[in-house]
Each structure stands twice: as structure tokens, then as C-alpha cells.
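Atoms within each ligand, like the ligands themselves, are counted from 1 in listed order.
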Amino acid sequence: VIQIYSESLIQNDTKLGTVIVYRDITKEHEVDQMKSEFVTTVSHELRTPLSSVLGFTELMLTRELKPERQKKYLTTIHQEAFRLTSLINDFLDVQKMESGSQEFDKKYHSILPIIQDVIDVQKVNSDKHVFVMDIQTEKLSVFGDRDKLSQVFMNLISNAIKYSPEGGKVLVRLYHTNKHLIINIKDEGLGIPQSAIGDLFTKFYRVDNSDRRKIGGTGLGLAIVKEIVKVHGGQISVESTLGQGSIFTVKFPVIEDVYVNASITMDKG
Ligand code: ADP
């Protein structure tokens, strides 16, 4: 996108010439476009769960319902409220990330119960996927902020579910090399086109194709994951085959000198 600006140079009523300035504003244009798409996405993402909460509470207030039906509606209301809360938390996190005011309370933890808790929450939200844990290492210690680490796996595992069909398997594998504790999150879902891989961890970026237009999201999840992993001295990468599935890989530095049992966490020093 080129912006053109021109001005005549006039001296003593004589036109000397014209100055024409061409400015490449492609980047600004893209940012503006992303922002306006973002506002549309956000209003949609906020409105959808709210209308379902309003609709179901209204039904419950105005009708006599059998207990099973009540439970079903309450479950939906709970899920939608959960969705709204995580959405708002994502906005706040991105805002904090950008202003540098995000605080990390780092301690030694075993990564195992952190991932296990995430899977337990996800199982409640989706009983239509199969979760498999494959643990091939005892070097499970990480030095980090429990809530933030939990968010990394919450975002990755919920994406694995969100972007794969019902009945799909989500495999979480843990192993180590000399330098890294490595966690793979593998799904059998839609996959990601190669052309999108480079932008995937950029905030607001969403892969846009007809399969996924109906799947809600803000494009913030992976940007948050990348930032948290970076602050923990780690790396994140992805391999994917369109139509077959994706593997997200998180690497943290191996901690040799601290033994952390699955149920124990201790302060540094
Ligand atoms: P959101 O899910 O809110 O759109 P994310 O930042 O979590 O945002 O992901 C960015 C995009 O990457 C998604 O819109 C989706 O198209 C793609 N994506 C992320 N995880 C997966 C996955 N496991 N399988 C397929 N596509 C994925």
C-alpha cells in the first residue's frame, strides 16, 4: 500500500515544480487491518458466551425444568463463564506483557502435576477426546511460575482439542536431551498450513480458512505461550501436516542439581 503526498513549490507566484512523496504504508495498513479484525473478533467472542449465559439463565428462571435438564444448562453456563474468564485473562496478559508489568513468581516445580492438572480440567471441558501421557524422563524439574507454566499447557492442550475432531487423540510426551526437558503436545487435528507457521506466534494471528471460521478464538493464546516460555529460558516450535495434525514442542533447560518429587515444590535457596 502506497501513500502519495504531493505539494507544489511556488516562489513569487511562479510554480517551480511539484514535490511528490511516496510512502510505503503496507505495514501500518496491515496493523490497522489486524486491529479492526480484532475488534470484530473480540465483540463476537464476548457476545457469544454472554448470550448463551443469558439465554440459559432465562430459561431456568422462567420454566419448570427436570433436574437433568437443569444440570445440562448449568454445565453450559459454567463452560461459557469459564470461556469468558479465560478470554479476559488473555487480554489482560497481553496488555501486561506489552507494558512489561507481568510478574513471575519462580520456584522449583515438577512439571508433571502441572500438566496433569491441566489435562484434568480439559477432561471436564471435553469428554470427547482421548488423552495419553507418555513420560520418558525423570528430569521433570523446572524453575518457574506455576500459574504461568500451567497457562502454557492450558493454551496448547485446549488448542489441540479445539482444532481436532471429536474422538481425536491428544498425546503429551515428556523426554529429555542433555540440555533440555522436552514436552510434545501432539494432536490428530486440522493441522496448520506451512505458510502460516511463521506467523503463528504473533498476537491476533489466526489461520483463516473455511474449516476453522466457526472455531472461536482471538489469536492471543500462542503469543502468550511464546512469551511465557521465553521468560522461562525455553523455546517453542511447531511441526504440522495439514489435514493430519500438529506437534507443538516446548523445551526448558534441564535442571540437574535439584531433585523434585512429583508432589514437592521448594523455594530456590
Ligand atoms: P486462537 O486459537 O484464539 O485463534 P492461538 O494463538 O491459540 O489463537 O492460535 C493461533 C492460530 O493457530 C489459531 O487460530 C489456529 O488456526 C492455529 N492453531 C493453533 N493451535 C493449533 C492446533 N493444535 N491445530 C491446528 N491449528 C492450530
Closest approach of Val207 to Ala196 (non-hydrogen atoms, all atoms of both residues): CG2-CB, 3.9 Å
Does any N/O atom on Ile192 come nearer than 3.5 Å to any N/O atom on ligand 1? no
Please identify which atoms of ligand 1 are closer than 4.0 Å to at least one heavy atom of Leu200. 12 (O)
Element-labelled atoms of ligand 1 that are located less than 4.0 Å from some non-hydrogen atom of Gly219: 1 (P), 3 (O), 4 (O), 6 (O), 8 (O)
Quick check, are the ring centers of His232 and Phe143 under 6.0 angstrom apart? no
For ligand 1, which atoms, with element, lie under 4.0 Å from some heavy atom of Tyr205? 10 (C), 11 (C)
Return the residue, atom name and 0.1 Å-rounded distance of the protein heavy atom closest to atom 14 (O) of ligand 1. Tyr163 OH, 3.3 Å
Between the side chains of Glu7 and Tyr5, is a donor N or O closer than 3.5 angstrom to an acceptor N or O? yes
So the atoms of ligand 1 within less than 4.0 Å of a heavy atom of Leu220 turn out to be 6 (O), 8 (O)
For Gln151 and Asp93, which I'm curious about, is there any donor-acceptor pair between the side chains at under 3.5 Å? yes
Any side-chain donor-acceptor pair under 3.5 Å between Thr26 and Asp24? yes
Interfacing atoms of ligand 1 (cut-off 4.0 Å, heavy-atom, Lys162): 1 (P), 2 (O), 3 (O)
